[in-house]
Structures are given as structure tokens and as C-alpha cells.
Amino acid sequence: MSGRDRIVLFTPLAILLTGWLVLPALLGLLATFTNYSPFTATVRFAGLANYATILSDPQFGAAARNIAVFTVVAVPLELVIGFGIAYLLRRPLRGRSLWRMLLLLPWLVSPIASGVMWHFLFGSATGVLDFVLGWLGQPDLQSPAGDLRLALPTAIAVEVWRVAPFVTFLLLPSLSAIPGERWDEATLAGASLAGRLVKVAIPSVAPLLLTITMLLVGLAFGTFDTVLILTGGGPGTATLTPALYSYGRAFGTNDWPVGATSGWLIAAGVLAAGAIYLRLATVRNVE
Amino acid sequence: MTARRRDATRVLLLAAMLVVFLAPLAWTALASIGLLPDNSTRPPSWTGPATLEHFSEIGIAEPTFWQELATSTIAAACAATLAVAVSFFAAYGLARSSFRANRGVTQGFLVLASLPAMAYVIPLSDVLRRVHLLDTLAGVVLSEAAVTAPLAVFVLYGAIAQLSVQWEEAAVLDGAGLLQVVGRVILPLLTPTVAATAVVLFVLDWNMLLVPLVLTSGEIKTIPVAMSDFFTFERELDWPTAAAALIVSLGPVAVLVGLFHGVLDRFSLGAGTGA
């Protein structure tokens, strides 16, 4: 391939990504060391003042803790449930494509619509929660999204409901592509279900699981839409996320530099996870 | 365990999963046609009868809803097409360059695909304001395309890298130029993968909230932004109307996924990872 060919092939993507992603991200990074905002007349160097403001803000501390819990709980759940459904669907089955399509539906619901939907499903007058409790003869419950202790687990459950089907969708082609003989060999060798999972299924899709984990971690770190409607970050700061914090600072309280800086802290978190991912993924490729 | 009993167990487990995952959507669909539970009676009862009036109430609660539906469709279609087109060229370039680090570069695109938009959307809004693209369709389309292009590069790279180079070599011997090779040799071989990638990107763009939320201020409005407006400005909707709006917003992507169902398994992250 000639140099001219490369220019033709890479230039359109380079323009798109530079103009609408990389350049804004880097300008944003520069701005975090200043008092810059779209409305300031004079830009002054501010050193690490923005970072100091954020790191000493208990609200950001709460958001960082919440997102750590969210990621550590939601990502494994999404992987396990998504893998489980894909495992059930891996072999031919009557109506398999219909099963697959129906089980992808939750992912087609936008995160914001999912927040709206669960807001009402947890509400007492017409919700599914109190309907079931009513049949069991139990009294109505307050929405768990409004409960200080239950709000974060609730937000996690809602997100797992939406994302696990996407994991199934991503895993299924690779799981079904494992040759039948490999399952048969394992079965003949007397492997139990756990044995087949550990010896056949997981090794075959390990690099793919790593890639999906990277995407899910990024998705979890950026959690915004679902929580915005479901809890708005509350009660108190029980479900506040760094993305809600950044948005609130930049566009709610007009504290643009703080918002841009905490946005960059999310980027730093994802890039750190990305560095680990690149290491693991390239080690695998060398093998 | 016999094969038949194993299959029965599988179907049973899958049916249980289906109930868990689809019950919330079924509840919403029932509410949208006016079939609502009444939890104040013991045991809870259902109110009815079924009606379609909640779908017309959407237009009363949000007069521009149908226009927003059109905006969402156009924005998502343009962004997905643009992202897939530019990614296809770049993925071909990556897959066919001798450049030794290309696998690492491709994995780098996956990290970029994982980066939440919140990480850079605040300065992006400032950049777009300066170039007068804030609150324009072009601004939204280009930004959404940039968010999703890295994922498209990763998937398309994996598909192209698996193709044998013999077709291209034959075409080059026949005197085909670069664009002819890409357009007449590679693209026809990968039409299902390209279609699957475009559909997945369309779904991602259609459902995207943060990017259009921050980059628009009323002139251009997509469905997710309209939904967030309703709740953040405390104009809380009635549940049946909200449910109807939810079903309408889910409709186009569900139809699209249904139509392209046969090729969707070509959207594979596996090839890029070497799985």
C-alpha cells in the first residue's frame, strides 16, 4: 500500500475523530489547568486548583465511591447473566432466532427510556412491584429508587436489565462457533457443566470476554442517562455519578471549569482501565 | 441426562429469562393501550378498556413529538452511515498495512470506543459553539458519528483482516485502483457485516442522550432529549402517555433489528480480538 493510499483511507476518519473527539478532549484537558469557561473574558492559569476543588468536594467523593461500587457490581453481573443466556442459546433450538431477538429487546430501550419506565414500574399506583406485593397480601412499598440504602442497588439492577442482553448478543456468535466435537470430547471425558464451562467455553471466548469487559467498564464509568430520571443522583448523593456531577457543575451551577475537569477525571479512569486492557490484550496476541 | 430432557431444561430456563427480561416491557405495552393495574384494591385489579387514545395524547403533551421522531431518525441514519463509511476505509487501511503495531492500534480504537462521551462533551460543546455548529443537525450528526466510529473501526477491521487477499490481488492485476478495490471487491464480500454494524450504530445513535442534550438547545431535538426534558423540568407525564411514547420510541429500532436479524450476528468483536 502506497503512502497516497494511506492518506486516502485514513484522512476521513482522522478528520472526524480529531475535530469531534480528540481536539475537544485535549482542549478540555488544557482548560482544566485554567479558569477558562465560554463566558470568561480573561483566561488565567490556575494550576491544579480545579482538581483540588473537586477532590476536596464531598459530593465528588460520593460520586466516585458510587461509581466504583456500580462498576464492581454491575459489570460482573452483566457478564455472568449475559454469558448464561448466550450459553443456553448456543446450540440449535427451535425458534432460536426469535428467542435471540426477543432477548435483545431490553438493549433496544434507550437508557433514558429505561429510567422513565422503571420510575413508573417502581411507583406504587400502577407499578409492577406493588402489584405483585398486593397479590401476596403485602402492603405497598415506597419505590426502592427513593430509599437511601436501596437506591444504588436499584440503579444497578436497572442497568443490568438493559446491558446483559447486549452481552448475550456479543457473545453468542463466538459461543455457537465452538466446534461441536470440543463439547463432545469434554462430555466423553466426563466433564460436568462446570468442567465444560472452564475447559471449553471460557477459554474459547476469553479474549472476547476481555474486550466486552472493557466496553462495559467504560459504559459503567459514564453512567448518566438511567440515573438522571430514576433518581436524579439522589436521595442525597446515594446514586450521584461522576457524569451527573460533571453535567450538573458545567450546565447546572455554571461552574464550567469544575465540570470539564471532573469530565477529564472520568476519562482518566477509563484510560487507566484501557492501559490494563491493552496490556492484557496484546500479551494474548503474542501467545 | 438424556438429550431431550436437557433440551426441555434449556427451554424452561430460557422461558424464565424471557419473562424476567420482557415483563417490564409487556407492562409498558399494556399501559400504553390503557390496560393498567389498580394496586389500591385487594387483590390488585386491572382497569381498562383497551384504547389507542394515549398515543394521540403524546402529541398533546409534546406537540413536536412527531417532528422529534423524524429528527431522531434522520440524525441516527446520517450518523451511522457516516461513521460506517469513514471507518470502513480506515479499517481496510489498518488491516492491509504492513505496519507491525496495527493490532495494538486496533485495540486502541476499542479503548476509544469505551470512553464515555461525558469525558469530552463539555469542551466539545464549546468548540461547536465557536464554529457555529451548536444546535444544528450537522453538529449532532458529526458528533454522534465520532462517538461511535471507533467501535465500527474495531468490528470492520476484524472482518477485513479475516478476508484472504487473493481477491484484491486479482483485482489489482486487472488494473483496479484503490477505491475500486475497496468499493467493488471488499465491500460486496462484507455487505452483511457492514449492514450489521450500521444497524448497531443506528441503535446507539438513536438512544444517545448526552451528546444531543449538550449540543442542542431546542432548535434540534431528538426523542431522548425530549424525554429528559419532561422529567427534569417537572412536567411529569401521565404513565399511560409516557408508556405510549416509550413504545413509539422503541418501535423503529425494534423493526430495524427485526428486518436485519439474519445478518446481525456478523457484528462481531471476536475477529478483532482474535477469538
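Everything numeric here is computed off the predicted structure, so don't read it as measured data. Each chain gets a letter, A, B and so on, in the order the sequences are listed, and its residues count up from 1.
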Rounded to the nearest 0.5 Å, what separation is found between the [atom1] atom of [X] and the [atom2] atom of [Y]?
{"X": "B/F89", "Y": "B/L94", "atom1": "CZ", "atom2": "CG", "result": "14.0 Å"}
{"X": "A/L104", "Y": "A/L170", "atom1": "CG", "atom2": "CG", "result": "9.0 Å"}
{"X": "A/F251", "Y": "B/S125", "atom1": "CZ", "atom2": "OG", "result": "4.0 Å"}

With a 4.5 angstrom heavy-atom cut-off, which part of [X] approaches chain B: side chain, backbone, both or neither?
{"X": "A/R91", "result": "both"}
{"X": "A/L228", "result": "side chain"}
{"X": "A/A164", "result": "side chain"}
{"X": "A/L88", "result": "both"}
{"X": "A/P257", "result": "neither"}
{"X": "A/A31", "result": "neither"}

Contact class of [X] relative to chain A, heavy atoms under 4.5 angstrom:
{"X": "B/L179", "answer": "side chain"}
{"X": "B/L246", "answer": "side chain"}
{"X": "B/A15", "answer": "both"}
{"X": "B/S143", "answer": "both"}
{"X": "B/T47", "answer": "neither"}
{"X": "B/A145", "answer": "both"}
{"X": "B/F202", "answer": "neither"}
{"X": "B/L128", "answer": "side chain"}
{"X": "B/V131", "answer": "neither"}
{"X": "B/L13", "answer": "both"}

Looking only at heavy atoms and a cut-off of under 4.5 Å, which of [options] has the most pairs with chain A?
{"options": "B/V127, B/V214, B/L36", "result": "B/V214"}
{"options": "B/P37, B/P240, B/S249, B/A23", "result": "B/P37"}
{"options": "B/L25, B/L115, B/L142, B/L22", "result": "B/L142"}
{"options": "B/L210, B/V200, B/L178, B/L151", "result": "B/L178"}
{"options": "B/L18, B/V20, B/V253", "result": "B/L18"}

**Study point:** Results of side-chain hydrogen bond (donor to acceptor under 3.5 Å, both in side chains) for A/T231 - residues two or more places apart only
**Key:** A/T239
Point to revise | Flag for A/S262-A/S246: side-chain donor and acceptor within less than 3.5 Å | key: yes
Practice item. State which residues pass salt bridge (Lys or Arg N to Asp or Glu O under 4.0 Å) with B/D126; sequence neighbours excluded, sorted by chain then number. Key: B/R129, B/R130
Check your understanding: Is the distance between the ring centroids of B/W46 and B/W27 less than 6.0 Å?
Key -> yes
Study note, to complete from the structure: Of A/H119, A/R162, A/M101, the largest count of non-hydrogen pairs under 4.5 angstrom with chain B goes to A/M101
